[in-house]
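For reference, the structure discussed in these notes is given below.
Keep in mind that the numbers below use all heavy atoms, side chains included, and drop hydrogens, waters and symmetry copies. Each chain gets a letter, A, B and so on, in the order the sequences are listed, and its residues count up from 1.
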Amino acid sequence: MKREIAAFIKKNYLIFLSCKFIYSLRFFIALLFLVCIYIASGHFSDKATTLYLDGYSISYFLFIATGIIYSAYTLAVLTEFSIKISEERKAGTLEAILVNPAGVTKIMFSIYVWSFIFVFVGTMPVLLFVIYTLWDALLGSDICALIGIFLLSMAAFTGLGMLLASFVLVFERGSFLVQLVNYCLRILGGIYIPFSFLPKDLRIISYFLPSTFGVRAFRKILFGKSSLANIMPEIMALLLFSAIVWPLAVIVLKFTLKKAREKGILSAY
Amino acid sequence: MNYSIETANLSKTFTHSKKLGWPCFSMKKEKTIAVNSVSLKIQKGEFFGLVGPNSSGKTIFLKLLATLIPPTDGKAYVNGYSVTENTKKVRESIGLLTSESRSFYWQLTGRQNLVFFAGLKQFSLKDASRKIDQLASLLEIERYLDRRFLEYSSGIKQRLSIARCLLGNPQVLLLDEPMKSLDTKGAQYLRTLFKKRLINNDDKTILFTSHSYQEAEILADRLATIEDGLITFCGSPGDKSK
């Protein structure tokens, strides 16, 4: 397993080096977005700081900063994972990879590990900036609870990522669905827009999104100084989501891979 | 008899959905028989050619043997392993050359590409480098190895594909149109390589496809012709002319 993972990391790192400009641009856009929010938040400071954002009297910038730090390690990994599989298919390399003795599980895991490293390292400067702004909130927070929520969220999002990867394998424009889910999670999942600000009908959708519970627990720990015991409802929701999505994702992924093989479309795009 | 490749009534049918269009939204299922009850026996150390026009089922037949596509019906064994039950063992025994030049990373050099695929075959970095240098020398592509894949000519891409195919020292080689994109000199070099080195010295089994009967006649010990998925002839090259 180690050699397959190392091969994927090295190969993707070399591709990353060959496309530095594109990736730098992505990073620059993320940073620009953060700066815009920071400036906008300052302009509306009188109103924004007094807004009751999902139960906490914090500025919109702090609200969104927590969303960004949360989504970077959960949502971004999910998107990157599916995009990477889509890229392999588009490049025609997926079939060349699958003809090797390394099984599908190893290959998928290797792609996932790269996605995590890429997101972790790639968003590091943005995250350091966010951590700097959240430093006061971080002090005195239950770090174990924060790590626990991250791990649970990662588990839930990995299941969702596998499910999305299944669609990428069979549908030519599967990456469009990935982007759609990504935006839904960001907008309706409490990352950019407070849950209490959403129209009532849309809130129903939010209840089915793992980020709604994950990021809420994250903010509870940071701004409400909650411990693990206080975030039990969110933990249960994330566990339930993982318990449903994981078996479903494994079944769907196996089924779609079988179908893609039967139809001979693994290298077609 | 010790067969490297053995198929019995191997078949593959693809089902396509065809939209009937407005105002009828239902889909019509259409079936295409790509490989039709193919039974072949290829001996160990044999150089076997499969000849047929475009869309005759040659590539699909190779993909069935390479475990990339499951058969609809029939059985196939590669190196004694079933392609449906022992997929890992089959993949360890084969080297597949696809006619797709897209199956490489265009941004990387030839060496970087081969190092990646060697990693998937459990090679350490040191062993991979040694093997890649050996193969580059064998295929005479040393001076191109550190150039990016997108800068390669079609012929060099084909040679790099053959190098990848030989990486894991497989016993059985499945080559889809190996002479495609090669000039006369390059094709002649590969013919000698396949015959003298890989078949005579290394005792490998080669199954290759081609749409040219003349080309297959020169190379193969035995050959089969395929049309619309059906084997229409199987024997020595001389037998057909008789």
| said: Taking side chain as everything from C-beta outward and backbone as N, CA, C, O, which of these in A/I5 sits under 4.5 Å from a heavy atom of chain B? Side chain, backbone, both or neither. | reply: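 No part of it gets close to chain B.
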
| Under 4.5 Å from a heavy atom of chain B, the part of A/K11 involved |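 For A/K11, the contact with chain B is made by backbone and side chain together.
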
Chain A contact via [X] - which portion, at a heavy-atom distance below 4.5 Å:
{"X": "B/I69", "answer": "both"}
{"X": "B/L96", "answer": "side chain"}
{"X": "B/F116", "answer": "both"}
{"X": "B/L167", "answer": "neither"}
{"X": "B/S124", "answer": "both"}
{"X": "B/I60", "answer": "neither"}

| Judged by modelled atom types alone, do A/E87 and B/Y105 share a side-chain donor-acceptor pair under 3.5 Å? |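 B/Y105 and A/E87 do not have a side-chain donor-acceptor pair below 3.5 Å.
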
Do [X] and [Y] make a side-chain contact, defined as non-hydrogen atoms from C-beta onward lying under 4.5 Å apart?
{"X": "A/L14", "Y": "B/T109", "result": "no"}
{"X": "A/E4", "Y": "B/Q122", "result": "yes"}
{"X": "A/S18", "Y": "B/R148", "result": "yes"}

Separation between [atom1] of [X] and [atom2] of [Y], rounded to the nearest 0.5 Å:
{"X": "A/T93", "Y": "B/W106", "atom1": "OG1", "atom2": "CH2", "answer": "12.5 Å"}
{"X": "A/L94", "Y": "B/S103", "atom1": "CG", "atom2": "OG", "answer": "11.5 Å"}
{"X": "B/L68", "Y": "A/L98", "atom1": "CG", "atom2": "CG", "answer": "7.0 Å"}

| message | Would you say that more than 12 heavy atoms from the other residues, nucleotides or ligands in this model lie under 6.0 Å from the NZ of A/K106, or not? | response |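 Buried by this count: over 12 neighbours within 6.0 Å.
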
| Quick check: are there more than 12 heavy atoms from other residues, nucleotides or ligands sitting under 6.0 Å from CG of B/N86? | yes

| request: Please step through salt bridge (charged side-chain N to carboxylate O under 4.0 Å, His left out) for the pair B/K12 and A/E262, ending with a clear verdict. | output: CA-CA 9 Å; B/K12 179 68 194 176; A/E262 275 174 8; 5.9 Å; no

| query | Which atoms form the tightest heavy-atom contact between B/L120 and A/A102, and what is the distance? | reply | O-CB, 4.1 Å

| query | Which atom pair, heavy atoms only, marks the closest approach of A/A7 to B/G119? | reply |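 Closest approach of A/A7 to B/G119: CB-CA, 3.9 Å.
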
| query | Going through the distances and angles, do B/Q112 and A/K10 end up as a side-chain contact (heavy atoms from CB on, under 4.5 Å)? | reply | CA-CA 9 Å; B/Q112 288 166 343; A/K10 194 175 175 194; over 6 Å; no

